Amino acid sequence: LAQAPERPSVDLAATLGQGDAFDRVLIRAGVSRRDASAASALIAQTVDPGAIPAGTRIALTLGRRADRTVARPLDSLAVRARFDLDVSLHRTAAGLAMTRTAIAVDRTPLRIQGLAGSSLYRSMRAAGVSAKAVETYIKAIATRLSIGRDVSATDRFDLIVARERAATGETRIGALLFAGIDQGRRTLQLVRFAPTTTTDPQADPDAVEGDDAGRGGWFDANGQTERRAVSGMPVIGRITSGFGLRVHPLLGFTRMHKGLDIGAPRGAPIHAMTDGVVSFAGRTGGYGNFVKLVHGGGLASGYGHMSRIAVASGTRVRQGQVIGYVGSTGMSTGPHLHWEVWRNGGAINPRSVSLASAAQLSGPALRAFKARVARLLAVRTGT
Ligand SMILES: [Zn+2]
């Protein structure tokens, strides 16, 4: 049977999908199972193949084969395995061999300043700040002042976010590292800092990747004192039912409402009111999807009717960490958060809680913090 001769090699590109296994992508592209698993195993010696971001392109060259009944051999493969690393595989007499090429990455953070204007949120977004960084900034600043009452249009915001620029031209932006506001008569400067030794000492605080909770709390650059206070509510919304006796909307009779109801859109993030440990996360009766946190000083807090729970029982959470999302599960008439706070086991009005506590840095932690502040404040705007 006459057949046209095959091309000696084929170049193609595969793209990693969300949740795709590295070897599955190769097999879909026509690589043999054997070559695909060998390539995947080699890559795994350098990076976790599952950690390569979705959307990453894999360039492949498939070589000459003996006949059309078998898959072409994998001759070479090239992939951006990490933001700072190219990996390529090529076939040798002994099988596939790997070459790693580091990509230089500049980690100078990005500083953005501007006028607060009539809306701090809109002004910051217009200046190019991501929605997530704006949210983090406002939450940080709100631990020290009231955004609605204390911020005026002539105030200047000042923030620094983690940024990485690869020599190959790509840029990626990460977490908020510094949140400041210049109000003329006074300046507030907050620096994110992890004073505890539990933090990996090798971790670069300017890195874009990394555990956000591990970045630590917000410390005043001047006073070197972290003051924590419940700035407001665990979710942005309005109080639809207060603490105390009320006629229950579903049951129709008067009974004690042991918490605050905060009306908010379904899916709005719910934040831990302060640091704590998750003592319960699951479905329970009228509370629906419910999370209970135990804090220090005999204090505990509960969050009900969630559409989705974002933490597991037994884990530690930081103040402001997202623990779930607003919903209407359990005995509820519409999307809202039912927020309860207990002191020594008894329900108290969440609005009465003052969680002011101060942590003074000293010794090596204070020296490390001062160096961190100096380094961040030396970052120039917009470069
Ligand atoms: Zn309620």
Side-chain angles (χ1 to χ4, degrees), residues 135-136 138-139 142-143 146-149 228-357:
E135 194 191 332
T136 310
I138 286 177
K139 281 176 61 65
T143 60
S146 161
I147 302 280
R149 190 190 61 217
R228 292 199 163 160
V230 170
S231 53
M233 302 189 292
V235 66
I236 298 166
R238 65 186 184 87
I239 294 173
T240 53
S241 183
F243 179 85
L245 286 173
R246 66 160 181 181
V247 177
H248 193 276
L250 289 179
L251 302 177
F253 53 81
T254 302
R255 72 173 205 176
M256 181 69 183
H257 185 229
K258 293 189 293 177
L260 283 185
D261 288 347
I262 305 166
R266 182 184 307 277
I270 299 166
H271 305 272
M273 69 175 206
T274 188
D275 292 359
V277 174
V278 181
S279 67
F280 180 87
R283 228 180 156 86
T284 179
Y287 287 107
N289 290 326
F290 182 72
V291 168
K292 183 174 179 180
L293 305 179
V294 174
H295 314 288
L299 211 63
S301 58
Y303 310 79
H305 309 309
M306 290 181 176
S307 57
R308 195 159 72 75
I309 292 171
V311 288
S313 189
T315 55
R316 292 196 60 82
V317 294
R318 287 201 159 264
Q319 179 185 20
Q321 185 177 332
V322 174
I323 55 172
Y325 300 89
V326 169
S328 188
T329 54
M331 197 185 291
S332 167
T333 51
H336 77 284
L337 169 69
H338 172 87
W339 177 32
E340 248 175 74
V341 176
W342 302 274
R343 176 158 272 146
N344 301 322
I348 58 171
N349 187 345
R351 295 177 97 176
S352 72
V353 187
S354 166
L355 288 167
S357 68

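Just so it is clear, the structure is predicted and the values come from calculations on it, not from any experiment. Whatever order the structure lists them in is the order used to number ligands and atoms, beginning at 1.
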Contact summary for I262 and T240, nearest pair of heavy atoms = N-OG1, 4.3 Å
Between the main-chain N or O of G242 and the side-chain N or O of H257, is there a donor-acceptor pair closer than 3.5 Å?
-> yes
Scanning both residues in full, the closest heavy-atom pair of P265 with P335 reads C-CB, 4.4 Å
Should S241 and H336 count as side-chain neighbours, where that means a heavy-atom distance under 4.5 Å?
-> no
Just one of L293, N349, L299 clears the side-chain contact (heavy atoms from CB on, under 4.5 Å) bar with V341, so which one?
-> L299
Name each donor-acceptor pair under 3.5 Å that joins a side chain in residues 276-286 to protein atoms two or more places apart or in another chain, with its distance.
| residue | atom | partner | partner atom | Å |
| --- | --- | --- | --- | --- |
| S279 | OG | K292 | O | 3.4 |

How many protein N, O or S atoms are found at a distance of less than 2.8 Å from the Zn ion (ligand 1)?
-> 3
